[in-house]
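To find a chain, count down the sequence lines: A is the first, B the second, and so on, and within it residues start at 1. In this text, all values refer to a predicted model and were calculated from it rather than measured experimentally.
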Amino acid sequence: MSYLLLKDLFKRHGECMNTAVSVAGWVRTLRVSKNLGFIELNDGSFFSGVQIVFQDTLSNFEAVSKLGTGSAIAVTGTVVASPGKEQSFEIAATAIEIVGACDSDYPLQKKRHSFEYLRTIAHLRPRSNTFSAVFRVRSLLAHAIHSFFQDRGFVYVHTPIITGSDCEGAGEMFRVTTLDPKSPPLTEEGKVDFSKDFFGKETNLTVSGQLAVENFCMAFRDVYTFGPTFRAENSNTTRHASEFWMIEPEIAFAGIEEDMRLAEDMTKFIIRFVLERAPEEMKFFNAMIDKGLLERLEQVASSDFGRVTYTDAIDLLKKSGKTFDYPIEWGSDLQTEHERYLTEEVFKKPVFVIDYPKEIKAFYMRQNDDGKTVAAMDMLVPGIGELIGGSQREERHDRLLRRIEELGLKKEDYWWYLDIRRFGGCPHAGFGLGFERAVMYLTGMTNIRDVQPFPRTPKNAEF
RNA sequence: UCCUCGUUAGCUCAGUCGGUAGAGCGGGUGGCUGUUAACCACUAGAUCGACAGUUCAAGUCUGUCACGAGGAGCCA
């Protein structure tokens with residue numbers, strides 16, 4: 001049993017004209033009158049479906065006429081020119097096999113459903129136009145990211161999902177344990193005795209692969225991680241999920257300049273990659289989800305990104321004469337409204353903001369000579385604000401140690417991270433990109449729950 | 001976690017001044033020879049999120065809770 005994929009039929013329908021084909025897929029809509037009917041069939045290989053025309057000469061015309069949306073069928077027929085306005089060709093069926101009937105309470109209708117409702121039927125929503133497009137683009141984007149880094153010789157590092165390090169410092173973690181929650185073994189002080197736990201110590205799901213990947217960077221030079229990360233934060237927003245994927249490249253013998261060039265090149269590459277390989281899906285998003293999407297992406301892919309220091313950015317915002325909901329002051333972090341103003345109004349293209357005050361950035365970022373700022377960079381893009389955050393890392397052992405102590409962190413927790421500064425340390429830099437945020441940026445979708453196949457958010461792990 | 005809004009048929013929603021429930025789509029039945037979210041006719045389908053309270057009377061007013069959405073904080 002072998003069926004022609006609709007992807008291939010659409011690619012070469014000219015040469016298929018007037019030949020016999022067999023296709024298999026799911027009924028999207030069905031319209032029937034006394035002696036003939038029309039089925040829109042989608043087989044998942046292509047965004048568009050093909051129209052099947054069937055006559056009452058079919059042996060099972062009655063049964064086929066009663067099929068509901070969602071049914072799985074296999075069709076044999078002839079590719080013919082279509083007299084209809086909405087398609088240039090169609091398949092005149094000679095036989096239709098009902099592979100899997102669909103109960104009449106199938107929840108997906110021909111009309112538009114709310115995204116909110118579709119989230120409650122996450123097992124069925126990939127059959128809808130929007131989610132079909134979203135998840136094909138998500139898949140392509142993952143491919144694009146691997147292609148970009150692999151083509152440049154980066155080594156893909158699988159950093160651990162379960163981590164014994166409680167110092168990743170990026171947020172609340174999910175504990176991993178096999179201890180009995182009702183009566184865990186206790187120490188003499190009455191605390192939970194994790195030495196009796198599976199790993200002999202407290203373990204959690206990772207919140208970031210960065211610290212681990214820095215170690216491999218000191219061996220392979222250019223590396224990246226791309227995998228799931230977990231945050232047990234009770235945040236209920238359109239941009240946060242408890243489980244999400246992150247891309248974290250790290251480059252050795254390189255500083256913040258090389259880091260920005262890498263971020264810019266990667267951004268342009270993945271945009272072009274997806275525009276080339278999913279033109280139907282991208283046109284759909286531009287028409288149905290976000291009217292300015294294609295124009296914005298084309299512009300980003302073809303412009304040279306701007307550069308501005310945090311200090312200059314603050315001046316630009318102050319001089320803008322625009323009133324913001326949040327005050328602008330040196331030392332406080334840029335709000336989304338500030339970021340968007342900079343990239344959309346001032347620069348009118350993506351822009352890197354560099355050299356942030358050290359107080360508002362992470363301990364591992366390289367301290368600048370002014371004693372006030374660190375070599376951090378945020379890449380701001382029109383439409384959403386910050387898309388990428390990165391930095392040159394502090395490679396000087398004494399400086400890093402002092403910063404750890406200043407912030408009251410426990411240096412014992414960082415022994416291996418500090419070690420790589422003693423054993424052949426060198427300047428290095430990297431950045432982090434939330435994969436879902438990249439999917440949202442490329443599709444125009446505005447809720448992270450709608451770009452993950454089965455999203456995990458506070459109080460929700462149904463599927 | 002905080003603020004705001006919401007929860008009525010399978011779905012999307014309407015429901016006036018407090019007086020006992022409506023539409024479209026979907027489902028079912030029938031009709032129709034070229035449809036494009038087909039069309040036409042008929043039909044079934046509702047503990048109005050839950051629990052209290054006010055009232056002769058609550059989908060409608062009040063309180064609590066649950067769930068959802070948007071925004072904020074935090075961040076990716």
Pick base, sugar-phosphate or nothing for [X], based on heavy-atom distances below 4.0 Å to the nucleic acid.
X      : result
A:S114 : sugar-phosphate
A:D105 : nothing
A:T229 : nothing
A:P83  : base
A:R449 : sugar-phosphate
A:F54  : nothing
A:T120 : nothing
A:S104 : sugar-phosphate
A:E90  : base
A:Q109 : base

Whole Å only: how far is the [atom1] atom of [X] from the [atom2] atom of [N]?
X      : N     : atom1 : atom2 : value
A:E436 : B:C75 : CD    : P     : 19 Å
A:H338 : B:A72 : NE2   : C1'   : 14 Å
A:Y117 : B:A9  : OH    : P     : 12 Å
A:R119 : B:U7  : CZ    : C1'   : 16 Å
A:K85  : B:U35 : NZ    : P     : 8 Å
A:I52  : B:U35 : CD1   : P     : 18 Å
A:E62  : B:G28 : CD    : P     : 14 Å
A:H240 : B:C2  : NE2   : P     : 18 Å

Spacing of the [atom1] atoms in [M] and [N] (rounded, Å):
N     : M     : atom1 : answer
B:G6  : B:G63 : P     : 13 Å
B:G45 : B:G22 : C1'   : 13 Å
B:C5  : B:U43 : C1'   : 37 Å
B:U4  : B:G15 : P     : 23 Å
B:C17 : B:U55 : C1'   : 16 Å
B:U8  : B:U60 : C1'   : 11 Å
B:A23 : B:G31 : C1'   : 24 Å
B:A50 : B:A9  : P     : 11 Å

Side chain to side chain contact (heavy atoms under 4.5 Å, CB included) partner of A:R28, chosen from A:T69, A:L41, A:I39, A:N42: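 Checked A:T69, A:L41, A:I39, A:N42 against A:R28; only one passes side chain to side chain contact (heavy atoms under 4.5 Å, CB included): A:N42.
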Looking at [X] and [N], is any side-chain donor or acceptor paired with a base atom of the opposite kind under 3.5 Å?
X      : N     : answer
A:Q87  : B:U35 : yes
A:H113 : B:C11 : no
A:D56  : B:U33 : no
A:Q51  : B:U35 : yes

Shortest side-chain distance from A:S235, nucleotide among B:U29, B:G73, B:A69: B:G73
Cation-pi check, A:R127 onto A:Y106 ring (under 6.0 Å, within 45° of axis):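 Judged by the rule (NZ or CZ under 6.0 Å from the ring centre, within 45° of its axis), A:R127 is not positioned above A:Y106.
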Counter-base of B:U1, judged by Watson-Crick or G-U geometry with both distances under 3.5 Å: B:A72
B:U20 pairs with, by Watson-Crick or G-U criteria that keep both distances under 3.5 Å: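 None - no nucleotide pairs with B:U20, as no candidate has both distances under 3.5 Å.
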With a 4.0 Å limit, can you tell me whether [X] has a side-chain N or O closer than that to the phosphate oxygens OP1/OP2 of [N]?
X      : N     : result
A:T238 : B:G71 : yes
A:N447 : B:G70 : yes
A:Y326 : B:G73 : yes

Between the side chains of [X] and [Y], does any donor sit under 3.5 Å from an acceptor?
X      : Y      : answer
A:S391 : A:R393 : yes
A:Y364 : A:E214 : no
A:T373 : A:N368 : yes
A:Q335 : A:Y341 : no

Residue whose closest nucleotide on RNA chain B lies nearer the 5' end, A:S242 versus A:N460: A:N460
A:D265 CG to A:E258 CD distance, which is reported to the nearest 0.5 Å: 12.0 Å
Pair A:F115 and A:F131, ring centroids less than 6.0 Å apart: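 Yes: the rings meet the under 6.0 Å criterion.
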